[in-house]
There are 2 protein chains.
Amino acid sequence: MATSVTLSDVAREAGVSLATASRAINGSANRTVRADLRERVLAAAEKLRYTPDANAQAMARGRTTSLGLVVHDIADPYFSTIAAGVSRAADDADLQVTLASTQHRPEREVSLVRLLQRQRARAIVIAGGRYDDEPTNAAMRAALADYRESGGAVTLVGQPVLDVDTVVVDNAAGAAALARALHDRGYRRPAVLGGPEHHLTARERREAFMDAFAQAGSPVQPAHVVTGEFTHDGGEAAMRELWATGPDVDVVFAVNDVMALGALAACRDLGVGVPDDLALAGFDDIFTLRDVVPPLTTVRVPLEEVGALATQLALEEHTGAPRRASVATEVVLRASTPDRT
Amino acid sequence: MATSVTLSDVAREAGVSLATASRAINGSANRTVRADLRERVLAAAEKLRYTPDANAQAMARGRTTSLGLVVHDIADPYFSTIAAGVSRAADDADLQVTLASTQHRPEREVSLVRLLQRQRARAIVIAGGRYDDEPTNAAMRAALADYRESGGAVTLVGQPVLDVDTVVVDNAAGAAALARALHDRGYRRPAVLGGPEHHLTARERREAFMDAFAQAGSPVQPAHVVTGEFTHDGGEAAMRELWATGPDVDVVFAVNDVMALGALAACRDLGVGVPDDLALAGFDDIFTLRDVVPPLTTVRVPLEEVGALATQLALEEHTGAPRRASVATEVVLRASTPDRT
DNA sequence: TTGTACGCGTTATCAT
DNA sequence: ATGATAACGCGTACAA
């Protein structure tokens with residue numbers, strides 16, 4: 001079975017030394033091998049169907065060619081779009097992507113990082129958002145510090161709370177701009193489907209939105225803020241919970257699009273017309289939105305670029321303090337929040 | 001920088017031999033190491049923050065712990081859902097998933113397989129559909145034969161045209177059942193957005209649908225079959241093309257949901273009411289459908305299970321002829337194809 | 001320019 | 001039960 005042809009076989013077949021065969025085949029920096037020998041080696045490799053062993057190369061060279069990507073759920077469009085960006089950038093850098101998924105269990109992140117460290121991944125991109133949970137963050141910090149001491153690079157997508165390079169999405173500015181835009185359109189009784197209470201991205205969006213609306217003179221009533229999971233089901237449940245209180249509300253902001261879609265489903269089910277009875281807005285501008293009726297107002301985050309940027313950042317040589325790459329967001333007003341003025 | 005602690009360091013620190021340290025740490029089959037020594041070793045490892053090198057282990061053991069997944073575009077919900085299934089199954093088997101994407105260029109598949117072979121991946125799951133393109137298929141067959149001779153296992157999701165284990169989705173039965181169901185609901189003037197002409201999955205669905213409708217007495221008019229890309233944009237373009245001919249049509253079947261969503265977008269844009277002016281159906285039942293209005297009729301394919309099944313199949317010991325695992329599909333009638341009788 | 005020989009970190013074989 | 005030591009497949013000083 002596992003009868004792999006090795007470089008020694010090729011060398012023997014070509015009648016040269018192992019070293020020459022190695023040089024001829026990887027053709028690295030010092031391309032110092034006579035043309036005819038090179039030909040012989042290549043021919044022998046072809047004939048024997050030689051396939052280099054990346055693991056052995058990694059050992060000998062002291063570095064691998066793989067990059068780790070940590071997500072919560074690859075089926076979630078948010079993560080899969082980021083993954084597409086990571087994949088493209090990794091490809092450009094001739095790196096393999098190792099996909100590590102927590103399967104919705106954030107506490108697994110630490111062990112995934114350890115796994116990627118065992119694999120000696122050159123870099124790790126962590127796409128899952130942080131929580132306001134110091135013990136967990138401390139564990140991650142420790143794991144990442146270990147990893148970085150061993151020579152690995154890390155980029156986080158989210159909040160800069162882990163002492164590593166971070167791609168920071170400007171959630172606060174986006175949410176505030178959205179709030180102002182909605183206020184300008186005449187909305188005065190906002191509600192928020194706020195996601196997990198301790199999820200930092202959710203919190204940033206939630207609080208910035210609330211602050212901006214308050215500043216505009218129409219504070220969100222405490223009863224009109226409901227927390228829940230950062231998922232479709234979570235959004236649906238949150239919307240039902242909100243509606244059950246018979247709230248005096250004219251616009252609902254879900255802190256991400258997936259939740260907004262869940263909320264929309266709830267509205268359909270509850271007989272609440274969007275936007276006639278209620279306006280609705282989300283955040284992220286995932287691709288899926290283009291297939292939804294009514295078109296959903298949201299704040300665009302260039303997810304694929306975020307993934308690519310995070311990857312490039314991780315791959316750049318760099319020492320010193322953790323860097324921050326800021327990504328701007330953009331309010332996209334659509335039919336789900338018509339002008340009421 | 002890259003100053004990794006090795007097992008030798010641990011052994012020295014614990015005052016035992018390399019061999020003992022190895023046995024103590026991996027605790028493999030022959031767990032023959034005295035308790036106190038084991039403790040010392042573990043303590044030393046902990047103290048030194050030792051992390052095993054998976055590459056070195058792979059070399060020594062002769063097998064890696066990674067599994068390759070080949071897709072066209074991880075951002076496509078079809079692939080990302082399959083990927084979720086693969087990820088879960090791989091996790092259960094303690095394998096890492098290496099994500100290899102063709103970035104929409106099917107001809108890159110061969111080189112991705114070679115890449116995964118270099119990496120000595122234990123198994124490869126290929127999720128992209130096949131084309132009726134013998135030269136390309138021959139190249140893939142050769143690459144996969146090489147890979148399998150070197151000890152790797154392969155499972156294909158799609159058509160059994162590559163001499164490897166294949167998870168076969170029963171496209172024909174599903175499409176035929178859909179056609180009959182539509183006919184039963186009173187539809188008599190069908191059209192087909194048929195995807196790429198030589199894409200086997202597209203073709204199977206297209207032809208089975210057409211055959212079944214013909215058998216029911218209402219053949220699809222040749223002018224009402226339009227080909228195009230297997231994407232959202234492809235579906236949109238195909239719908240526009242179809243509509244431009246002013247066709248006498250009462251139901252449109254798009255050979256996958258992503259295309260159907262594109263078609264739906266075109267309809268919105270063209271002012272064609274679905275389902276009032278035209279009924280619409282797709283295939284796959286991707287998650288996204290639950291957010292679309294009207295709810296789209298489709299044929300369900302259990303994508304996540306398909307991914308998991310493909311992975312399990314690849315991991316089972318097996319010799320002899322390529323196996324076939326058949327996956328049933330199920331017609332799901334929704335509001336986009338109301339009863340016209 | 002080519003070849004020899006050592007090292008990469010681990011497992012496994014074989015004595016002890 | 002434990003310890004030397006030889007693989008594993010390759011890259012690369014160093015020597016020739």
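Sequence lines set the chain letters: A, B, ... in the order given, protein chains first and strands last, and positions in each chain run from 1.
Distance, L7(A) CG to dA7(D) C1': 17 Å, rounded to whole Å. One can place CZ of R38(B) at 12 Å from P of dA1(D), the figure rounded to the nearest angstrom. Rounded to an integer number of Å, the gap from CG of D9(A) to C1' of dG9(D) is 10 Å. Distance N55(A) CG to dA7(D) C1': 16 Å, rounded to the nearest Å. Computed from coordinates, the R118(B) CZ to dG9(D) P distance equals 16 Å when rounded to whole Å. The distance between atom CZ of R12(B) and atom P of dA4(D), rounded to the nearest whole Å, is 13 Å. As rounded to whole Å, 14 Å separates atom C1' of dG9(D) from atom CG of D53(B). One atom, CD of Q119(A), and another, C1' of dT10(C), lie 16 Å apart when rounded to the nearest Å.
Side chain of P52(B), nearest nucleotide from dA1(D), dT10(C), dT12(D): dT10(C). When each of dT10(C), dT1(C), dA4(D) is scored by its nearest atom to the side-chain atoms of A19(B), the top-ranked nucleotide is dA4(D). Here the nucleotide nearest the side chain of R61(A), chosen from dC10(D), dG11(D), dT2(D), is dG11(D). Picking from dG9(D), dT10(C), dT1(C) the nucleotide with the shortest atom distance to the side chain of Q57(B) gives dT10(C). Nearest nucleotide to the A60(B) side chain, out of dC8(D), dG11(D), dT2(C): dC8(D).
Residue-to-nucleotide contacts include no donor-acceptor pair under 3.5 Å from the side chain of R120(A) to the base of dG9(C). Under 3.5 Å, the side chain of R23(A) and the base of dG3(C) form at least one donor-acceptor pair of N or O atoms.
Where M59(B) and D36(B) each meet DNA chain D at their nearest nucleotide, the meeting point lying more 5' is that of D36(B). Nearer to the 5' terminus of DNA chain D, by closest-nucleotide assignment, is the contact made by R34(B) (compared with the other of A56(A) and R34(B)).
One finds no salt bridge joining E149(A) and R49(B) here, because no Lys/Arg side-chain nitrogen approaches an Asp/Glu carboxylate oxygen to under 4.0 Å. Checked for salt-bridge contact, R88(A) and E305(A) miss the test: no charged N lies under 4.0 Å from a carboxylate O.
Within 6.0 Å of CD on E46(B) lie no more than 12 heavy atoms contributed by other residues, nucleotides or ligands.
At the phosphate of dA4(D), neither OP1 nor OP2 sits under 4.0 Å from any side-chain N or O atom of S17(B). In this model, the phosphate group of dT11(C) is approached by a side-chain N or O of N26(B) to a distance below 4.0 Å at OP1 or OP2. Listed pair S22(B) / dT10(C) fails the phosphate criterion, with no side-chain N or O lying under 4.0 Å from OP1 or OP2. Under 4.0 angstrom from either OP1 or OP2 of dT2(D) there lies no side-chain N or O belonging to T20(B). For the pair T6(B) and dG9(C), the criterion of a side-chain N or O lying under 4.0 Å from OP1 or OP2 is not met.
Although no hydrogens or angles enter the test, the distance criterion places no donor-acceptor pair under 3.5 Å between the side chain of R148(A) and the main chain of V164(A). The main-chain N or O of G307(A) is found under 3.5 Å from a side-chain atom of T311(A) such that the two form a donor-acceptor pair. Remark: the backbone N or O of A123(A) is paired with a side-chain donor or acceptor of Y147(A) at under 3.5 angstrom.
Residue L18(B) is in base contact, counting any heavy-atom pair closer than 4.0 Å across all strands shown.
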